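Ligands are counted one by one from 1 in listed order, and the atoms in each one are counted from 1 as well. The basis for the numbers below is simple: all heavy atoms, side chains too, and nothing from hydrogens, waters or symmetry mates. On a predicted model such as this, the values are computed, not experimentally measured, just so you know. Starting from 1, each residue takes its place in the sequence as its number.
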Amino acid sequence: MPTKQQHNILMLNGPNLNMLGVREPDMYGFKNLDAISAKCKEYATELGYSIDFRQSNHEGELVTIIQEARSNYSGVIINGGAYSHTSIALLDALKLLEIPIIEVHISNVFKRESFRHHSYISKVAKGVICGFGAHGYILALNAIHTLLEE
Ligand code: DQA
């Protein structure tokens, strides 16, 4: 029997997400990014996937990471933080990818200020998960899994 393809998934986080746990916990919860990363890695292993969990506060670095994702990954899960609402550069980089993109927001951005209602990333995302707290990353892994198994 042929062996199942090992899927590698990029989970990319934008600015200020390194401050989860101390940053507005009423909005974003008490889990820090390391705890979220550990949970995601555990769940990805159950699905038979490996993940690279990355974070950067720098727009250009995020662009470079996305460009490099072109050949290395089967899917991208991205929480672009505030750059989701502002960055045409992230949108253009994501347009290079021919793999499924799932957008995640920990908070329900549609319950918040109107400047958070628009996302450039949504234009290229297969779907958006928001408002489920850190569990949104797990939901996104499930979504990628469904897309890759289709
Ligand atoms: C966020 C929502 C953004 O509006 C905000 O700038 C963030 C976090 C979220 O996960 O809910 O940094 O992406």
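- Residues Tyr49 and His7 place their aromatic rings such that the two centres sit under 6.0 Å apart.
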Sequence neighbours excluded and cut-off under 3.5 Å, please list the side-chain donor-acceptor pairs for residues 120-131, or say none.
unit_1 : atom_1 : unit_2 : atom_2 : d
Ser122 : OG     : Glu103 : OE1    : 2.6
Ser122 : OG     : Ser119 : OG     : 3.3

Please tabulate, one pair per line, all N/O donor-acceptor pairs under 3.5 Å involving side-chain atoms of residues 16-33, not counting sequence neighbours.
unit_1 : atom_1 : unit_2 : atom_2 : d
Asn18  : OD1    : Gln55  : NE2    : 3.4
Tyr28  : OH     : Arg112 : NH1    : 2.9
Tyr28  : OH     : Arg112 : NH2    : 3.4
Asn32  : OD1    : Asp34  : N      : 3.2
Asn32  : OD1    : Ala35  : N      : 2.9

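- Nearest heavy atoms, Ile102 versus Ala140: CG2-CB, 3.8 Å.
- No more than 12 heavy-atom neighbours from other residues, nucleotides or ligands sit within 6.0 angstrom of NZ on Lys39.
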Pick out the protein N or O atoms lying less than 3.5 Å from any N or O of ligand 1, and list each pair with its distance.
unit_1   : atom_1 : unit_2 : atom_2 : d
ligand 1 : 4 (O)  : His85  : NE2    : 2.7
ligand 1 : 4 (O)  : Arg116 : NH1    : 2.8
ligand 1 : 6 (O)  : Ala82  : N      : 3.2
ligand 1 : 6 (O)  : Arg116 : NH1    : 3.1
ligand 1 : 10 (O) : Asn79  : ND2    : 2.9
ligand 1 : 10 (O) : Ile106 : N      : 2.7
ligand 1 : 11 (O) : Ile106 : N      : 3.2
ligand 1 : 11 (O) : Ser107 : N      : 2.8
ligand 1 : 11 (O) : Ser107 : OG     : 2.6
ligand 1 : 12 (O) : Arg23  : NH1    : 3.1
ligand 1 : 12 (O) : Arg23  : NH2    : 2.9
ligand 1 : 13 (O) : Asn79  : OD1    : 2.8
ligand 1 : 13 (O) : His105 : ND1    : 2.8

Under 3.5 Å, which donor-acceptor pairs do the side chains of residues 132-139 form with other protein atoms, sequence neighbours left out?
unit_1 : atom_1 : unit_2 : atom_2 : d
Tyr137 : OH     : Asn13  : OD1    : 2.6
Tyr137 : OH     : Asn79  : ND2    : 3.2

